[in-house]
**Student:** 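I have a structure I would like to understand better, so I am pasting it below and will then ask my questions one at a time.
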Amino acid sequence: MRLLQVDRLSKHFGGVTAVNEVIFEIRQGEIVGLIGPNGAGKTTVFNLISGLLHPSQGRIYFGGKDITGLRPHQKSLLGIGRTFQIVRPFDGMTVLENVMVPTLVRHRNPQKAREMARGVLRDVGLDAFCEANPQNLPYAYRKRLEVARALATEPKLLLLDEVLAGLNSREVSEALPLIHRIRERGVTIFMIEHIMTALMSVSDRVLVLEQGELIAEGTPKEVTENPRVIKAYLGENVSIG
Amino acid sequence: MKQRHLLMALAAGLLVLPIFYSAPYFLHLVIMIFFYIALTEAWNILALCGKVSLGHAAFFGLAAYTSAILCIKKGVTPWIGLFPALLVTFIGAAALAIPLLRLRGPMFTLASIAFAEVLRRVAMVWRDLTAGAEGLTIPFVPGWQNLTFTTKIPYYYIFLILAAGSVYIVHRLYYSATGHHLRAIASDEEAAQALGINTQKTQLIALFWSAGITGLLGVFYTQYVYMIEPEWAFSSALFCLQPALNGIIGGLGTVWGPVIGSVLMTPLGEYLRSYLGALQQGLNFFVYGLVLIGVVMVLPGGIVSPLLSLFKRWTPSKAPALDQGGKVR
Amino acid sequence: MELFIQVLVSGLLLGGVYALLSVGLTLIFGVVRIINFAHGELMMMAMYLTYWLCQAHQIDPYLSVIIVAPALFLVGMGVQRFIIQPIFDSSALMKIFVTVGLFIALQNLALMLFKADFRTIQTSYAMSTLEVGGISISVPRLIAFCFALVLLGGLFMLLKLTLVGKAMRAVAENRVVAELMGIRVQRLYLITFGLGSAMTGIAGALLLPFTYVFPTVGAIYTLLAFVVVVLGGLGNMAGAFLGGLFIGLIESISGVYISPALKEAVYFVIFILTLLVRPQGLFGVGKGTEEVGLK
């Protein structure tokens, strides 16, 4: 079933075209990777899908519905969750309170919201840190908090923006099963990553963006053997995790 | 449970205080403390989402003038007059909200000052309605329907209720969904939106509570002092700076901060005004300014936060110890 | 018609001085990224200083600029060093409060020292006017305008041509990179604050011959400077200049055609309208505006 459909999506900033007539779709239950050299427009695509930016052209469909013009919070309520590349926990709030913020949107009763938040934190393995200050957590755990917050929005589609960046290889190998578990719960995942081996091992399909254009699409094997993709990455510092 | 008992004892004490000690100056001081507790809590609601308003006098003045004009010119009792007063205040709040809530930080503050200033000048110039700079006087006809009394005691209870009510409202708000969302918005508005929070609507709710309580205070305070004039009603020092000062000193964005701040600063303010102000005009506010600078530099969290962290919740990382590999020991 | 041109001319001349005041503010904001609620107080201090120099020592206001400018430069540096720098890394909220505290303290210090009286100075040429084509141009305003233009031109050249000016522009553009390039940012902040304050101070000295100084005058000028700067585009120098002229015109026109009592209300309304309709200002913003919600 087509969950997300992106039709001729473009974004111009003044004279610069960040995203150029991109067309793709994501089916329910998939884990789709999005790769490309730096500056290819990956985060811009995420911003367009999640509503932080308005497309210059093109349309976005979610579950068959046209969501192109909707604002970020409306898209979140429809079931699109996202994490940010640079983690942004709310300051002045504990880990638990951070995750309660989204659960309170969907469950106004603070008691219920707190339970749901604890549940999510348990799923990502952070429930020991409920009362902690996010600033005091190790980086890897702050990234998990970011994921927990997004999961707490009960998304159908989860946009993960470089969720593995900055993690060492052991932390990465701990995070991958988490991504699988998220899919098993019925969440479709669309993820931007630079750590190739990790991404290839977890994705069903991979999309490749270069300078705003979709240059390749296919299984991880197909994509890594694609000459155009290899050319785009030549000279690029790719982390072989 | 201990906290509950403490509060109840305090409430009981406050309720019977005037019976034991009713010197007018003392009552006036306590009334002013109650007034500022309520006003600071109201201001605090907006400060929760990171919007520092220095123009709250606008809401105060709008409500105060509406009720005063209706009372003087049409003989409407303020008990009824407070409804149109609140309506006018909400209209003013809506006018402020739509364009200005999307501003952040200092720009919002400036805009709020501009807003109050415009209203002040309009009040000065619109003589037919407001009698301009001379102001209006509430006729002194004692009785509950006119909200004017011969002693201060009824006012004591009225402002006590307003103060307690506003603390209660802020307390409920703080722990509600809206409260958490406001704090999230204050921290990172974009992230809040990405999580499904309608930031505009949430901030609007905060604004309406804040403006509403302030407006209510405007109505009652005018009846207490019997008069109203633009310079004073829309005055930024009394109704904008003072609550901000109380709020910061007590602790921004906490429930009890405004209470502590008001309890500390109001008598101090009165003392400063009567002794220092008499000595040299402006000396009391000069000291205020220095105090504000000092507090920001030394104790930016106010007094409440350090105290609070001695009691409960916000202790630095109750996280279990981690070993080198990040595994829980 | 003649009246209208008269009003226009006086407005423009006034606008030149307002431009000076506002460029000072926008320079400081552009580089140091602080919104100083006590900016008008700098103007007030300069005006009182000029007043005192004139009354007590018979120094002509335009000459006293030689003293006022360096004095305000030092004051500006002092504010940056002792008040802003210590809390530079705190939240925006704290920065607001510290400058508001400064504003209250300074305003009331003036009240204590000078009382609430309105003061101005009378120079021999204060009342003199030039007749040009049926329009009378007030000489003090003309001198102020020309002075302001010269100074603004000088600032422009400083920013464009000198090392210090380029360093300022670099820091305004991207503080982190500028620092990595070797620019001593803290020292630059001091210089910028000093320079912006000096310009504001000069504006005060220029204004005194044809306006009054009183303790609360600072608040009015602070708001005015912000109106201009937002109108012209925060961080945008040329915008601040044109904005200053525009506000001078508006003040003059509304003073005559609407009501002198409401002239300030008019520009506050313009302020709110600008924030409503075009928050980036008429001429577009410089950097650093995302943090304050103007985009």
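Protein chains get the first letters and strands the later ones, always in sequence-line order, with residue 1 at the start of each. On a predicted model such as this, the values are computed, not experimentally measured, just so you know.
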**Student:** With a sphere of 6.0 Å drawn around CD1 of A:Ile86, does it hold more than 12 non-hydrogen atoms of other residues, nucleotides or ligands?
**Tutor:**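 No, the 6.0 Å shell around CD1 holds no more than 12 heavy atoms from other groups.
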**Student:** State the CG-CD distance between A:Asn47 and B:Glu190, to the nearest 0.5 angstrom.
**Tutor:**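 Answer for the CG-CD pair, A:Asn47 versus B:Glu190, is 7.5 Å.
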**Student:** Near B:Phe83 CZ, under 6.0 Å, is it more than 12 heavy atoms from other residues, nucleotides or ligands?
**Tutor:**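 No, because the 6.0 Å sphere around CZ of B:Phe83 holds 12 heavy atoms or fewer from other groups.
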**Student:** CG/A:Asn109 to OG/B:Ser176 distance, rounded to the nearest 0.5 angstrom?
**Tutor:**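 A:Asn109 atom CG to B:Ser176 atom OG measures 11.5 Å (nearest 0.5 Å).
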**Student:** For B:Arg183 versus A:Gly92, what's the shortest heavy-atom pair and its separation?
**Tutor:**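 Closest heavy-atom pair between B:Arg183 and A:Gly92: NH2-O, 3.4 Å.
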**Student:** Heavy-atom distances under 4.5 Å only: say whether B:Thr202 touches chain A with side chain, backbone, both or neither.
**Tutor:**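 Contact with chain A involves no heavy atom of B:Thr202 at all.
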**Student:** Taking atom CZ of A:Arg2 as the centre, does the number of heavy atoms from other residues, nucleotides or ligands within less than 6.0 Å exceed 12?
**Tutor:**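 Not more than 12 within 6.0 Å, no.
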**Student:** CZ of A:Phe90 to CG of B:Leu195: how many Å apart, nearest 0.5 Å?
**Tutor:**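 Spacing of CZ (A:Phe90) from CG (B:Leu195) equals 5.0 Å.
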**Student:** What pair of heavy atoms forms the shortest contact from A:Met93 to B:His180, and how long is it?
**Tutor:**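 Shortest heavy-atom contact: CE-O, 3.5 Å.
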**Student:** Identify which part of A:Pro89 has an atom lying under 4.5 Å from any heavy atom of chain B, answering side chain, backbone, both or neither.
**Tutor:**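 Just the backbone, heavy atoms under 4.5 Å.
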**Student:** For atom OH of A:Tyr139, is the number of surrounding heavy atoms from other residues, nucleotides or ligands below 6.0 Å larger than 12?
**Tutor:**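 More than 12 heavy atoms, drawn from other residues, nucleotides or ligands, come within 6.0 Å of this atom.
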**Student:** Compare every heavy atom of B:Asp188 with every heavy atom of A:Arg88, then report the nearest pair and how far apart it is.
**Tutor:**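 In terms of heavy atoms, the two residues are closest at NE-OD2, 2.7 Å.
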**Student:** Heavy-atom cut-off 4.5 Å, strictly under: side chain, backbone, both or neither for A:Ser50 against chain B?
**Tutor:**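 Neither part.
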**Student:** Flag yes if more than 12 heavy atoms outside B:Met8 fall under 6.0 Å of its CE atom; otherwise flag no.
**Tutor:**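 Result for CE/B:Met8: open.
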**Student:** What heavy-atom pair brings A:Arg106 and B:Gly196 nearest, and what distance separates the two atoms?
**Tutor:**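 Taking A:Arg106 first and B:Gly196 second, the nearest heavy atoms are NH2-CA, 4.4 Å.
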**Student:** Using heavy atoms and a sub-4.5 Å threshold, report which of residues 56-73 of chain A line up against chain B, by residue number.
**Tutor:**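 When heavy atoms of chain B are the reference, residues 56-73 of chain A contributes A:Arg71, A:Pro72, A:His73 within the under-4.5 Å range.
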**Student:** Below 4.5 Å from any heavy atom of chain A, which atoms of B:Gln200 appear? Answer side chain, backbone, both or neither.
**Tutor:**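 Interface part for B:Gln200: side chain.
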